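These notes concern the structure reproduced below.
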Amino acid sequence: MPELPEVETTRRGIQPYVEGHTVIKVIVRQPNLRWKVPDEIHAMEGASIVSVRRRGKYLLLECALNSKQQQRTGTAIIHLGMSGSLRIVDASQPPEKHDHIDIVVDTGKAIRLRDPRRFGALLWTTDDPLKHKLLRSLGPEPLSADFNLEYFYQQSRGRSVSIKQFIMNTHVVVGVGNIYACESLFRAGISPKRVAGKTSKKRYQKLLQMIKAVLSEAIEQGGTTLRDFVQAEGNPGYFQQKLFVYGRANLPCLVCGSKIKQITQGQRSTFYCSHCQH
DNA sequence: AAAGACACCTGTCCGC
DNA sequence: TGCGGACAGGTGTCTT
């Protein structure tokens with residue numbers, strides 16, 4: 001479920017409900033996520049949420065802690081893994097199966113974390129979250145100026161992995177998940193099997209453009225579902241209509257009509273059109 | 001430093 | 001209808 005656009009959509013969805021509000025209680029029904037939810041997470045209780053930010057697919061809830069003298073902060077780090085979602089609910093609404101955590105705020109609303117597979121995470125840090133072990137070595141944000149041709153191309157030199165695995169590497173750039181990797185390569189006309197280090201600068205130029213275009217389009221699409229974010233259940237389905245290759249094995253290419261292929265790269269499925277991509 | 005395999009866990013879908 | 005197996009939007013960790 002969560003690729004970067006959905007994480008960003010989630011961020012925008014919860015922000016107005018929690019920013020500036022005080023956390024009443026953190027209810028942990030199931031602490032065994034990817035890592036055990038630390039007991040220190042309860043430091044959020046009584047604190048106010050000052051910002052809801054995102055770095056890669058990590059959401060950061062920065063909290064102002066109520067210590068006597070000095071102003072201290074702490075940050076909840078949330079990752080949605082493969083199957084996680086955050087929804088705004090009335091705190092009184094009974095949790096369903098896999099609703100593992102509620103962060104209840106002073107308006108009676110709660111952020112509810114649901115995650116059937118439990119690959120997600122909820123962590124707590126009182127240091128700079130960007131220096132956290134999980135965040136400090138992440139590559140640039142894909143939509144920022146730091147993700148540019150010079151950087152992208154230089155990073156690729158000497159790499160023997162496929163270009164698809166290369167763009168999915170979070171140390172190279174964050175936020176390019178399996179769907180967008182496939183879709184960006186299709187739009188750029190580049191075979192996913194191409195060797196990263198042997199691909200021309202010109203191709204990287206095109207790929208860079210397409211990654212940015214696909215991600216920003218998807219964020220915009222996500223934006224249209226923001227309206228019903230609160231009551232929405234399950235997948236918004238906003239961007240399925242724009243998928244050219246992902247999940248379309250054996251179906252005709254929407255551009256040229258030839259059969260979409262499915263292969264495995266790095267234990268992940270790759271979909272591509274061998275006629276349109278070289 | 002880089003690459004590849006594996007791990008975590010549950011739900012769903014497909015073939016028999 | 002039931003069962004086994006493959007597969008799923010992610011990424012840290014361990015080994016080579």
Side-chain angles (χ1 to χ4, degrees), chain A residues 1-11 29-37 54-59 77-86 96-101 113-123 132-139 142 154-186 192-198 211 214-215 217-219 221-222 225 232-250 262-271:
Chain A
M1 187 187 297
E3 291 242 4
L4 182 140
E6 288 180 349
V7 177
E8 176 61 20
T9 298
T10 296
R11 189 192 71 74
R29 300 182 195 87
Q30 167 59 278
N32 298 316
L33 304 184
R34 182 164 191 191
W35 296 281
K36 189 177 182 305
V37 176
R54 180 185 62 71
R55 175 73 177 101
K57 294 176 188 167
Y58 293 92
L59 286 170
I77 300 173
I78 300 172
H79 197 288
L80 299 175
M82 290 274 260
S83 60
S85 63
L86 292 181
E96 292 176 30
K97 195 177 182 184
H98 304 307
D99 285 345
H100 305 314
I101 291 159
L113 170 68
R114 174 178 298 182
D115 187 3
R117 291 178 74 178
R118 288 190 271 130
F119 287 175
L122 172 59
L123 300 171
H132 188 277
K133 188 182 175 189
L134 295 176
L135 306 191
R136 69 184 171 208
S137 62
L138 293 176
Q154 284 310 317
Q155 282 288 309
S156 73
R157 294 306 88 181
R159 301 290 188 99
S160 62
V161 283
S162 70
I163 194 160
K164 195 243 189 175
Q165 288 171 280
F166 175 68
I167 63 175
M168 288 183 71
N169 181 343
T170 57
H171 300 294
V172 173
V173 58
V174 296
V176 182
N178 202 29
I179 295 175
Y180 293 106
C182 294
E183 294 299 314
S184 304
L185 285 164
F186 175 82
K193 292 192 280 192
R194 204 166 258 285
V195 174
K198 293 183 182 169
I211 289 172
V214 165
L215 290 176
E217 271 176 46
I219 290 171
Q221 303 283 317
T225 66
E233 172 53 40
N235 309 322
Y238 54 84
F239 107 124
Q240 255 123 320
Q241 346 160 355
K242 301 199 127 194
L243 296 181
F244 284 95
V245 288
Y246 186 83
R248 302 196 62 249
N250 299 319
Q262 177 172 7
I263 58 172
T264 300
Q265 294 181 292
Q267 288 118 244
R268 309 297 300 277
S269 281
T270 299
F271 301 87

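Hydrogens, waters and symmetry mates are skipped; everything else that's a heavy atom, side chains included, is used. Bear in mind that the values here come from a model prediction, so they are computed numbers and not experimental data. So that the names make sense, note that chain A is the first sequence line, chain B the second, and so on, each numbered from 1.
Per the geometry, CD belonging to Gln265(A) stands 10 Å off P belonging to dG4(B), to the nearest Å. dA7(B) atom C1' lies 16 Å from atom CG of Asn32(A), rounded to whole Å. The nearest whole Å value for the distance from the CG atom in Asp99(A) to the P atom in dT10(B) is 15 Å. The NE2 atom of His100(A) sits 9 Å away from the C1' atom of dC9(B) (whole-angstrom rounding). Between Ile167(A) atom CD1 and dT11(C) atom P the separation is 14 Å, expressed in whole Å.
To the nearest 0.5 Å, atoms NE2 (His79(A)) and CZ (Arg34(A)) are separated by 8.0 Å. Distance check: Leu215(A) CG to Ser184(A) OG gives 6.0 Å after rounding to the nearest 0.5 Å. The CG atom of Leu134(A) lies 12.0 Å from the CZ atom of Arg55(A); values are rounded to the nearest 0.5 Å. Put simply, CD on Glu217(A) and OH on Tyr180(A) are 9.5 Å apart, with the number rounded to the nearest 0.5 Å.
Side chain of Arg34(A), nearest nucleotide from dG12(C), dT13(C), dC9(B): dG12(C). Out of dT11(C), dA3(B), dT13(C), the shortest distance to the side chain of Lys133(A) is found at dT13(C). Taking the side chain of His79(A) as heavy atoms from C-beta on, and the options dG12(C), dG10(C), dG11(B), the nearest nucleotide is dG10(C).
Between His98(A) and dG11(B) there is a side-chain N or O to OP1 or OP2 distance below 4.0 Å. OP1 or OP2 of dT10(B) has not a single side-chain nitrogen or oxygen of Ser83(A) nearer than 4.0 Å. Contact check, Lys97(A) against dG11(B): a side-chain N or O comes under 4.0 Å of OP1 or OP2.
Counting only Watson-Crick and G-U wobble pairs whose two distances sit under 3.5 Å, DNA chain C takes part in these stems of three or more pairs: B:2-8 with C:10-16, B:10-16 with C:2-8.
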Could you run down the sub-3.5 Å N/O contacts of the protein with nucleotides 4-8 of chain C?
{"residue": "dA8(C)", "atom": "OP1", "partner": "Ser269(A)", "partner atom": "OG", "Å": "2.4"}
{"residue": "dA8(C)", "atom": "O3'", "partner": "Tyr246(A)", "partner atom": "OH", "Å": "3.4"}
{"residue": "dA8(C)", "atom": "N3", "partner": "Arg117(A)", "partner atom": "NH1", "Å": "3.2"}

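Considering only heavy atoms from C-beta on, Ile219(A) comes within 4.5 Å of Leu4(A) through its side chain. Looking only at side-chain heavy atoms (C-beta outward), Leu243(A) and Phe271(A) stay at 4.5 Å or farther from each other. When side chains are defined from C-beta on, Asn169(A) counts as touching Arg159(A), because their heavy atoms get closer than 4.5 Å. Residues Lys164(A) and Asn178(A) are in side-chain contact: their nearest non-hydrogen atoms beyond the backbone lie under 4.5 Å apart.
Under the salt bridge (Lys or Arg N to Asp or Glu O under 4.0 Å) criterion, Arg54(A) pairs with Glu8(A), Glu141(A), sequence neighbours left out.
Note on Leu33(A): nothing from the nucleic acid sits closer than 4.0 angstrom, heavy atoms only. Using a 4.0 Å heavy-atom distance criterion, Tyr58(A) is classed as a sugar-phosphate-only contact.
A stacked arrangement is assigned to Phe119(A) and the six-membered base ring of dC8(B), with a centre-to-centre distance below 5.5 Å and an interplanar angle below 30°.
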